[in-house]
Amino acid sequence: MSEEAPPKIMRRKPVTDHPMSDLLRIDRFPHVWCPTCGLGTVVNCLGTSILKTPEVDPNHIAVVSGIGCAGRGAGYLRFDSFHTTHGRALPFATGLSLSRPDMKVIVFSGDGDIVSIGGNHLIHAARRNMDMVVICVNNFIYAMTGGQTAPTTPTHARSSTSPFGNSDPPFNLPYLAASCGATYVARWTALHVRRLQKSISEVLKKKGFSFIEVISPCPTLYARLNNLGTGLDLMRFYHDNSEINNDADLKSLDINFKGKIICGKFVDLDSPTYRDRYDEENEHILGDKFIPYDLPDFPHISSNSDKEKIEK
Amino acid sequence: MKSEIRISGLGGQGVIKCAYIIGKAASIFDTKFATMTQSFGPEARGSSCSAQLVIKDDHVEYPYLQNTQILVSMSQDAYTKFETEVDDEGLILIDDSLVHPTPPRKNIRQYAIPAMKFAEETGNKIVLNIIMFGFFVAMTEGLLDYDAAVKAVETSVSSSTIDMNMKAFNKGFEYGKSLLEKEALQ
Amino acid sequence: MTGKIKQIKTVPADPRGVLTGSHYLDGDHAAAEGCIAAGSRFFAGYPITPATEIAERVSARFPRIGGIFVQMEDELASMNAILGASWGGAKAMTCTSGPGFSLMMENFGLGIMLETPCVLANVQRGGPSTGLPTLVAQSDMMQARWGSHGDYEVIALVPDSPQECFDLTITAFNYSELYRMPILIMMDECVGHMTERVIIPEADKIRIVPRRYTTESPSTYLPYKADDDLIPPMPPVGEGYRFHVTGLTHDEKGYPVMNAATQKKLVSRLINKVKDHAEEIIITDEKYMDDAEIVLLSYGITGRVAIPAIEKAREEGLKVGSMRLKTVWPFPEKRIREMSKHIKGFVFPELNMGQVVLEAERCACGNCKVVRVPHAGGWVHDPEVIYDAIKEAAK
């Protein structure tokens, strides 16, 4: 024993900072989300994906949110971030993405925001194949306002505006997004953190309209109104009842109350974006006379050597 | 001097374009002020259609017609509808291959040109409005400068059709001139 | 004490977009040319009579001058798209009319709250509801002032001719950058669809206000820390500022703060940045004002329609002057209040049942007569009716 060299102790660098601290607005914590809400997990997955995707410069990411619990996402993510009005994150992001093709625009918002009040914007942004990533956190309910029925609330589930059970059928979001033209469509739950991260990493590197639905627990309203336990119980439910099937028929992805949740990456194809087609169509007709849109004038701080000096 | 003009006809006849060219001749290639307004909506896309022009040596304030001095009609409906608004001393120009006129009221001078017939003879009915424009330039005697009128046509039609349109313009213009000469002889 | 608005070094217009020369254009097309001359290269729109021609012309011109046009799914989307594009650094514009204006009001408010430079043209038609799509009115003037919820000030410019549609669209873009807010151009169907000579100057004669970007470094920059003139300089997107903006009441950092003190500070500044610079914002066109005992107030097409009435009255010896407001909001309160002490009365024709005249009445404080000349829209006033109102004021 004594002849053997002493085992090397792997010394890690002392941790002085949370690995995500560059990507989060720590000065805004504590956040507004309830204990065991899934939104923190989804934000964490987004951050981790960005850290793991060196191709994307965090300075060139913009996050746009609408209104609601998920809508607060933009407020906690330390990118150029925009907290807009209810349902309007997508058209705002459309303008931002078109004016700044050098930016990766991520819409982070909830099901009520994106699919109900913003539903028209969703179908048209998908149809145009606008270059943006949509992370739609689906908690089956309007949570910020106290648990009203959403267009995703499963039939028979209770909400504060369907106290005896929801009589409406919910939207099947992957089917909706895909049929409108989304070029990347996936569904995960807040439990599928690795797969969700992988999906986000993929879409960060992809051009076009990407749509990721994340089923996420709302312990305070959806779970309570439906006697489904805590957020942890919902996570357990996802564990026991979700099934990954990348090849699933999109029509079969309806979510029934207490029913199976089929997850997976359902669509991943390359298709020209709005900008690609706009340029191609106009150039085809105008030839040399066509001048493509260029970035507007703005001060280029990143390339300014004084910047670091000032920051120190 | 204030000239108040209505160009009228059917949607698709180039009624608005005719008014546009008159206004352009007066205000871009001459030094006058010309305000054009037009009827919008379904009627501009099929049925009865009209445009109004006010031409003045100085700024046009009130943009619409208050006293129609000149009426150009390329359809029976338009003629029937607008003939009554023409000033007693006014001027009416019609296409008599499209309009059956009533005898002119009071001191109204009324002249006709078979513009549609001429247009068909050139092989393209689309120049109807330009024939009417040429006729208008002749019959309004100096309201529009001839060279300004020519430039207005040249810059308002597609470059490949300039020759055809200039022919049409001159056809209308010459026909008008000959009418006036005949009248002077009488 | 609020300082004068910071003078930003203007730059000449990009000659690539400027159609220097005399053109025979309608007001809508002239506004489109103004948008292009002002340096706008982003336009989002949705078809609506009588504003569509603005979008049509822009969509045809943009591909040749490096612009990008997008026809959105509705007016809610159009308004938001120009906000997003403006934050991206583009000079952005949209256009609409009554029903679309109602839809845009929601996010016009977001533009006010985020302090986003952009331009919205409303080619007014008769209302309420679908109303008179092809016929003139000036009945959205109070909606322009108060149409979005909450307390705020607006800047609204009103052209009376295609030439002014061109000129004031450029002014609107410049104001939007100076005051960091969406600017309204309140056209009307008559002006929008009226064709007249429009003189477009040489590009270097058109002065453009560039965006007022911050000179702070990302580590010290605060998105809503205003300068002395109450305007906070903007951050460039994508340059490491990692700023946050929100439609919620926010502090200088741009973070939501839900309390009365923050609300007071923010809303006061949003209001005062316009109010305190009203003198610099207000533009009028005045005629026969030197000896005026009766002042005819007007804006847009109604100002032109009133001139024959004024001239007729003057021929009869009535001392009538014309003050046409090119800037309706902010309203020239001080000027009107001062004038009311020395004149017999105001006459205020509008193509609505009495909107901006309420402001004149408020400012006149009973010092002189204020004669309303309402009109439900669908056509312009008969100058005789305005003449009768002048006589009424002279009594």
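This structure is a prediction, so every number in the text was calculated from the model and none was measured. Here is how names work: the chains are called A, B, and so on, in the same order as the sequence lines, proteins then strands, and each is numbered from 1.
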Cationic N near anionic O, under 4.0 Å, [X] to [Y]:
{"X": "K91(C)", "Y": "D297(A)", "result": "no"}
{"X": "R16(C)", "Y": "D14(C)", "result": "yes"}
{"X": "K104(A)", "Y": "D131(A)", "result": "yes"}

Chain C interface, residue from [options] that has the most non-hydrogen pairs under 4.5 Å:
{"options": "M103(A), K289(A), R128(A), H124(A)", "value": "R128(A)"}
{"options": "A93(A), A74(A), S97(A), G87(A)", "value": "A74(A)"}
{"options": "T94(A), L98(A), D294(A)", "value": "L98(A)"}
{"options": "P292(A), S81(A), S99(A), S65(A)", "value": "S81(A)"}
{"options": "N120(A), D80(A), L96(A), I285(A)", "value": "D80(A)"}

Between [X] and chain A, with a heavy-atom cut-off of 4.5 Å, which part of the residue counts as in contact: side chain, backbone, both or neither?
{"X": "Y213(C)", "result": "side chain"}
{"X": "F42(C)", "result": "side chain"}
{"X": "R41(C)", "result": "both"}

Exercise. Among A77(C), S86(C), P223(C), which has the most heavy-atom pairs under 4.5 Å with chain A?
Worked result: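 Ranked by contacts with chain A, first place is A77(C).
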
Exercise. Taking every heavy-atom pair that is under 4.5 Å apart, which of G84(C), G39(C), S78(C) has the most such pairs with chain A?
Worked result: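 Top count of heavy-atom pairs under 4.5 Å with chain A: G84(C).
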
So, [X] side chain and [Y] main chain: donor-acceptor pair closer than 3.5 Å or not?
{"X": "T53(A)", "Y": "V56(A)", "value": "no"}
{"X": "R61(C)", "Y": "A32(C)", "value": "no"}
{"X": "Y278(A)", "Y": "F69(C)", "value": "yes"}

Problem set entry | Side-chain donor-acceptor contact under 3.5 Å, N259(C) with T262(C) |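 Short answer, yes.
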
Problem set entry | Engaged part of R127(A) at the chain C interface, taking heavy atoms whose separation is under 4.5 Å |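 No part of it gets close to chain C.
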
